[in-house]
Amino acid sequence: QPQLFQSEGGSVQSGGSLTLSCSLDRTLFDNYCMAWFRQIPGQDRERVAASFIGNKHREYSDSVKGRFTIDANKPKKTLSLQMNSLKTEDTAMYYCAADLSNSWDDCRTRDAAEFRAWGQGTQVTVSS
């Protein structure tokens, strides 16, 4: 499995923007499923965005749709999460994840237990 390295998160006021980045130690092949999850203490990891490298399809949770954008850069071997119009409820530890997948239909349904490679996590704090 690839190793994933996340950039630092940060603190921002409500309504602000922040971009998270995740780099891989190997080539981003077309059969990779990539995702961003977030977790609040005491709760399960929530998938907020997913992307299948082969066809560049993307999907977002209802809680972030229209505000967050997931993007994979194959030459740079990076995955980013652009977060706009941040809300206090977006405060969480964010994780990038990766695993091999046969299709977008498979990728889009994967939950946290089905990803084998994870970044170290980065804290995002949104204040009112």
Side-chain angles (χ1 to χ4, degrees):
Q1 293 301 318
Q3 291 193 49
L4 308 179
F5 306 94
Q6 293 181 228
S7 62
E8 291 186 2
S11 297
V12 64
Q13 287 193 321
S14 179
S17 298
L18 201 60
T19 300
L20 304 181
S21 183
C22 174
S23 61
L24 281 74
D25 68 341
R26 63 195 63 183
T27 301
L28 262 177
F29 293 110
D30 284 351
N31 58 347
Y32 269 121
C33 177
M34 308 292 297
W36 286 96
F37 288 78
R38 65 186 181 188
Q39 189 170 26
I40 299 169
Q43 297 186 18
D44 292 336
R45 286 188 185 184
E46 172 197 11
R47 195 183 74 180
V48 297
S51 178
F52 186 60
I53 303 303
N55 57 16
K56 300 182 181 179
H57 283 190
R58 309 169 187 179
E59 190 169 80
Y60 302 91
S61 66
D62 289 342
S63 60
V64 307
K65 195 175 298 181
R67 300 188 297 120
F68 289 15
T69 302
I70 185 172
D71 186 54
N73 186 314
K74 290 181 69 174
K76 293 186 177 180
K77 299 182 290 183
T78 59
L79 181 75
S80 64
L81 184 69
Q82 173 68 43
M83 305 183 291
N84 297 326
S85 302
L86 282 161
K87 305 175 181 179
T88 55
E89 52 262 44
D90 293 320
T91 295
M93 185 73 77
Y94 284 73
Y95 298 88
C96 60
D99 209 332
L100 297 174
S101 176
N102 293 323
S103 68
W104 167 239
D105 286 341
D106 170 74
C107 175
R108 65 189 302 221
T109 60
R110 289 195 176 202
D111 59 22
E114 296 171 287
F115 283 87
R116 290 176 288 177
W118 290 88
Q120 78 274 21
T122 186
Q123 179 67 36
V124 171
T125 302
V126 184
S127 58
S128 58

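The model shown is predicted, which means the values in this text are computed figures rather than measured ones.
Under a hydrophobic clustering in which Ile, Leu, Val, Met, Phe, Trp and Tyr are joined whenever their side-chain heavy atoms come within less than 4.5 Å, directly or via other members, L79 and F29 fall into the same cluster. At a threshold of 4.5 Å between side-chain heavy atoms, the hydrophobic network of Ile, Leu, Val, Met, Phe, Trp and Tyr places M34 and F115 in two separate groups. Hydrophobic clustering of Ile, Leu, Val, Met, Phe, Trp and Tyr side chains at less than 4.5 Å, counting indirect connections, keeps F37 apart from M83. The hydrophobic clustering, which links ILVMFWY residues whose side-chain heavy atoms are closer than 4.5 Å, places V48 and L18 together. Linking ILVMFWY residues whenever their side-chain heavy atoms come closer than 4.5 Å, directly or via other members, leaves F52 and L100 in distinct clusters.
The two residues L81 and A49 make their nearest non-hydrogen contact at CD1-CB, 4.2 Å. Taking every heavy atom of both residues into account, S101 and S103 meet most closely at OG-O, 3.0 Å. Of all heavy-atom pairs spanning S51 and R58, the tightest one is OG-CG, 4.0 Å.
Among residues at least two apart or in separate chains, side chain to side chain donor-acceptor pair (under 3.5 Å) pairs with a member in residues 23-35 are D30-K74.
Checking side-chain atoms of Q120 against main-chain N and O of Q6 turns up a donor-acceptor pair under 3.5 Å. Checked by atom type and distance alone, the side chain of E114 pairs as donor or acceptor with a backbone atom of D111 at under 3.5 Å.
Listed by chain and number, the residues in a side chain to side chain donor-acceptor pair (under 3.5 Å) with E59 are R47, R108 (sequence neighbours excluded).
How far OG of S21 is from CG of N73: 9.0 Å, rounded to the nearest 0.5 Å. Note that CD of Q82 is 3.0 Å distant from OG1 of T19, once rounded to the nearest 0.5 Å. Note that CD of Q13 is 12.5 Å distant from OG1 of T125, once rounded to the nearest 0.5 Å.
Counting non-hydrogen atoms of neighbouring residues, nucleotides and ligands closer than 6.0 angstrom, the CG atom of N102 reaches no more than 12 such neighbours.
Here the two rings, on W36 and F68, have centers that are 6.0 Å apart or farther.
A donor-acceptor contact closer than 3.5 angstrom links the side chains of N84 and S17. Side-chain atoms of E8 and T122 form no donor-acceptor pair, as typed in the model, at a separation below 3.5 Å.
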Which atom pairs, one a donor and one an acceptor, fall under 3.5 Å between side chains of residues 86-99 and the rest of the protein, sequence neighbours left out?
residue : atom : partner : partner atom : Å
D90     : OD1  : R38     : NH1          : 2.9
D90     : OD1  : R67     : NH2          : 3.0
D90     : OD2  : R67     : NH1          : 2.8
D90     : OD2  : R67     : NH2          : 3.4
D90     : OD2  : K87     : N            : 2.8
T91     : OG1  : T88     : O            : 3.0
T91     : OG1  : V126    : N            : 2.8
T91     : OG1  : V126    : O            : 3.3
Y94     : OH   : R38     : NH1          : 3.0
Y94     : OH   : D90     : O            : 2.6
D99     : OD1  : R116    : NE           : 3.2
D99     : OD1  : R116    : NH2          : 2.8
D99     : OD2  : R116    : N            : 3.1
D99     : OD2  : R116    : NE           : 3.0

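Under a cutoff of 6.0 Å and an axis angle of 45°, R45 and W118 form a cation-pi pair.
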